[in-house]
Every structure is written in C-alpha cells, then in structure tokens.
*Asks:* 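Sharing a structure, written as structure tokens. Questions coming.
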Amino acid sequence: MTATETARRVLEGSSRAVVLTGAGVSAESGIPTFRGDDGLWRDYRPEELATPAAFARDPRLVWEWYSWRRQTVSDCDPNPAHLAIARWMLHRPEVLLVTQNVDDLHLRALRAVSGESDRETDREILRLHGSLFRVRCTGCAHGAPHREPVEVRDESSLPRCPRCEELLRPDVVWFGESLDRDLLERALTGAREADVCLVVGTSAVVQPAASVATVAKQAGASLIEVNPEETPVSDLADVSLRSAAGEALPTVLGPSDG
Ligand code: NAD
Ligand code: ZN
C-alpha cells in the first residue's frame, strides 16, 4: 500500500480526528510562509515587527505591515487543501481544526463548501495565534472583528478603542507572547481525545502549538504528516506524505472513487 492509501484508510476509519495546520497550508494560495525570502516585507524580518516591543516603538510601521498582510490575504483564495479539509469537516462533525494561521482561508473554505456566504459558519476553528481580521485594545483588552482599511499615514490616524481611546493592535500572538490558555487547553484536550492527528504545512517548531501533534501521538493517536520537508514531528509520524498540501489532501480526504 502506498503512503497515500495508508493515510486515506487511517483517516477514513477515524472517529475523532484533530487537524493541525501551519503557514504551509496557505502557501499554494500565494501567502508566503515566514521562512524564505518571500516572507520578508521591505527589509524587515517578521521577528522585528511581530513583537510587543516593535508595536510600542513604532505602531504605525507595525500597522503598515499588517495592512499589507491583510491585503495579501484578501487578494488570495482558499486552495484545494483548505477546500478538502472543509469538505471533510462538513461530513464529520467530530473533526477539530486547530490552526496556527492568522489568515481567514480555512473559514472562507468552510463557507464556500457549506454554501454560507457572509455569515460566520458555526463550525469553530481554534486559532491558536489569533487573526489578522480582529483587533484588541492595548489598554482595556477589548477585542472585536475588524476588516476596515487602516489609515497608516501617521500615529494619529491609527485605529483606537471605542471604549477607552487607547490604540488598537492586531489580535495576533506576537513573538514572546503567551497563547490564550483556554484555546490552548481546548486544542490539547482535542489532541488527547483524538484517534488521528493530521499535521499539515507546519514546521512544528513553534511551541506550544506543535505540542498538539506530540500530545495526540503520546495519547495514542496515529500521526499523519503532510509537508514537502522533514520536520521535528516526522520521526513520530506513522505516515509522512512528502507533498504539497494542495496536491495530497484532495486525494487523502476526498470521496473514494469506488
Ligand atoms: P511554519 O512554521 O508553520 O512553517 C511552514 C511549513 O510549511 C514548513 O515546514 C514548510 O516545509 C511547509 N510547506 C511549505 N509549502 C507547503 C505546501 N505547499 N504544503 C504543505 N506544507 C508546506 O510557518 P512559518 O512560516 O515558519 O510561520 C510561523 C508562524 O507565523 C505560524 O505559526 C503563524 O502563526 C505565522 N504565519 C501565518 C501565516 C498565515 O496565516 N498564512 C503565514 C506566515 C506565518
Ligand atoms: Zn480599550
């Protein structure tokens, strides 16, 4: 049996799967991962901009970068990998989707396959690293969805909190910040209860997100990895598919031919 057939069989037989995705699942949509030169914006590395210190020093610059990232994502569409995961979830209410991505492509794929247009699908996605399309107040921590263009002319034009007037920041987890405890706990509970863990397009070096895969494996789940490159979880994987997500997942998760 090929690795693809094995993966297919394991996933077909699962009754509680957890899916963990990273930047690689969106790469074929045209959204750069942070590794590699196309992840750079001007001459900045993400580590220089996605930090609380960078925002404190120059919030206008950080907002300019996030505006560019929002625009990049808005110009892209879900790819066959997002769509395959979404279709699979539609038929399997027990599947838990956990993502490190801050784009909205999983959500747009879910809407596309379920025929819903502008209203949120009720299927929850655990976004461990937050969302490009939400903001949070630097003063009172009030959070809200936010899609409107940000005027990055100067600091006075940046968005402010409707409650306390402090600066709003992107509601994403920056380098050096902790993940939301409740979200992480729900992801790890899902991992402990899973019989299969499908890990797609993550370098699996960003902790604690990567622990979703190791916790699932330690609790007895089969681990299936889809990534053109080896990662720290490759050694633990029961099946490794060394292909692009958009090529592998429609076959692995799609309806059977017969
Ligand atoms: P990452 O650590 O998740 O690494 C990307 C992985 O994807 C690599 O292992 C690479 O081999 C793999 N990959 C590349 N193309 C692929 C494909 N077509 N199919 C399957 N796998 C593929 O991501 P990162 O870029 O190092 O970013 C770290 C963090 O930065 C993320 O956890 C996320 O929070 C954030 N980020 C998010 C986005 C997004 O939302 N789309 C993009 C960049 C970075
Ligand atoms: Zn506030």
Side-chain angles (χ1 to χ4, degrees), residues 1-31 73 76-101 103-127 186-187 190-202 204 212-213 216-217 219-229 231 233-234 236-258:
M1 213 186 302
T2 65
T4 302
E5 284 162 358
T6 308
R8 212 186 137 80
R9 199 163 283 195
V10 171
L11 287 158
E12 255 171 11
S14 79
S15 58
R16 275 190 104 105
V18 60
V19 182
L20 174 67
T21 66
V25 79
S26 297
E28 290 156 89
S29 291
I31 300 172
V73 167
C76 294
D77 294 312
N79 68 53
H82 299 107
L83 293 168
I85 293 170
R87 276 192 206 98
W88 194 58
M89 287 175 72
L90 207 59
H91 299 296
R92 289 174 170 262
E94 78 290 351
V95 172
L96 177 66
L97 177 57
V98 181
T99 188
Q100 301 168 79
N101 292 348
D103 65 46
D104 61 352
L105 296 181
H106 281 305
L107 178 64
R108 279 157 60 191
L110 275 167
R111 282 183 190 152
V113 303
S114 64
E116 294 184 71
S117 50
D118 51 356
R119 112 182 141 77
E120 298 277 316
T121 46
D122 48 12
R123 196 60 182 268
E124 194 186 23
I125 301 167
L126 297 188
R127 307 173 163 283
R186 282 157 66 202
R192 279 183 215 106
E193 293 171 351
D195 55 4
V196 181
C197 179
L198 175 63
V199 184
V200 185
T202 172
V212 170
K217 176 68 187 175
S222 303
L223 191 60
I224 299 174
E225 181 182 49
V226 181
N227 195 316
E229 290 175 26
T231 75
V233 300
S234 299
L236 295 176
D238 297 276
V239 187
S240 290
L241 300 176
R242 293 270 162 265
S243 357
E247 285 164 25
L249 290 185
T251 311
V252 168
L253 297 175
S256 57
D257 300 332

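Each residue takes its place number in the sequence, starting with 1.
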*Asks:* Report the distance from atom CZ of R92 to atom CG of L253, rounding to the nearest 0.5 Å.
*Replies:* 9.0 Å
*Asks:* Determine the sole option in S234, S240, C197 for which the side chain to side chain contact (heavy atoms under 4.5 Å, CB included) test with L223 is passed.
*Replies:*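 Per the side chain to side chain contact (heavy atoms under 4.5 Å, CB included) rule, the option paired with L223 is C197, out of S234, S240, C197.
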*Asks:* Can you confirm whether L107 sits close enough to R127 that some side-chain heavy atom of one is under 4.5 Å from a side-chain heavy atom of the other?
*Replies:* yes
*Asks:* Residues in side-chain hydrogen bond (donor to acceptor under 3.5 Å, both in side chains) with D195, at least two apart?
*Replies:*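 Per chain and number, D195 pairs via side-chain hydrogen bond (donor to acceptor under 3.5 Å, both in side chains) with S15.
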*Asks:* With rounding to the nearest 0.5 angstrom, report the CZ to CZ distance, R16 to R192.
*Replies:*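 Separation between the atoms: 13.0 Å.
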*Asks:* Taking atom CG of L105 and atom CD1 of I85, what is their separation to the nearest 0.5 Å?
*Replies:* 11.0 Å
*Asks:* Starting from the C-alpha separation in whole Å, work towards a yes-or-no answer on side chain to side chain contact (heavy atoms under 4.5 Å, CB included) for S114 and R123.
*Replies:* CA-CA 10 Å; S114 64; R123 196 60 182 268; over 6 Å; no
*Asks:* Specify the closest pair of heavy atoms between A213 and V233, including all atoms of both residues, with the distance to one decimal.
*Replies:* CB-CG1, 4.2 Å
*Asks:* So, taking the atom named NE2 in H82 and the one named CG in L249, what distance separates them when rounded to the nearest 0.5 Å?
*Replies:*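 Output value for this atom pair is 10.0 Å.
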*Asks:* Looking only at non-hydrogen atoms, find the nearest pair between N101 and A23 and report the distance.
*Replies:* OD1-N, 2.9 Å
*Asks:* Quick one, I224 and L11 - any side-chain contact, counting heavy atoms below 4.5 Å?
*Replies:* yes
*Asks:* Which value, rounded to the nearest 0.5 Å, describes the distance between D104 atom CG and L110 atom CG?
*Replies:* 11.5 Å
*Asks:* Mind listing the closest non-hydrogen atom pair of R242 and N227 along with its distance?
*Replies:* NH1-O, 2.9 Å
*Asks:* Got a salt bridge between R8 and E12, using NZ or NE/NH1/NH2 to carboxylate O under 4.0 Å?
*Replies:* yes
*Asks:* Can you name the closest pair of heavy atoms from L241 and A248 and give their distance?
*Replies:*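 Heavy atoms only, the tightest pair is CD1-CB, 4.4 Å.
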*Asks:* Mind checking the CG-CG spacing from L97 to L198? Nearest 0.5 Å is all I need.
*Replies:* 9.5 Å
*Asks:* Does any N or O in the side chain of S26 come within less than 3.5 Å of the main-chain N or O of S29, such that one atom is a donor and the other an acceptor?
*Replies:*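 Checking the backbone N and O of S29 against the side chain of S26, no donor-acceptor pair under 3.5 Å is found.
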*Asks:* Any side-chain heavy atom of R108 within less than 4.5 Å of one from V73?
*Replies:* yes
*Asks:* So does A81 get a backbone contact from the side chain of N79, meaning a donor-acceptor N/O pair under 3.5 Å?
*Replies:*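 Confirmed, N79 side chain pairs with A81 backbone.
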*Asks:* Indicate the atoms forming the closest heavy-atom contact of G246 with P80, along with that distance.
*Replies:* O-CB, 3.6 Å
*Asks:* Any heavy-atom pair between the side chains of T231 and T202 that's under 4.5 Å?
*Replies:*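 Result no, sub-4.5 Å side-chain heavy-atom pair not found.
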*Asks:* Does the pair D238 and K217 meet the rule for a side chain to side chain contact (heavy atoms under 4.5 Å, CB included), with working shown?
*Replies:* CA-CA 9 Å; D238 297 276; K217 176 68 187 175; 2.9 Å; yes
*Asks:* Counting only N and O atoms by type, is there a donor-acceptor contact under 3.5 Å from the side chain of R9 to the main-chain atoms of M1?
*Replies:* no
*Asks:* Apply side-chain hydrogen bond (donor to acceptor under 3.5 Å, both in side chains) to T21 and list each qualifying residue two or more places apart in sequence or on a separate chain.
*Replies:* T99, H106
*Asks:* Restricting to non-hydrogen atoms, name the atom on R87 and the atom on H91 that form the minimum distance, rounded to 0.1 Å.
*Replies:*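 Shortest heavy-atom contact: O-CD2, 3.1 Å.
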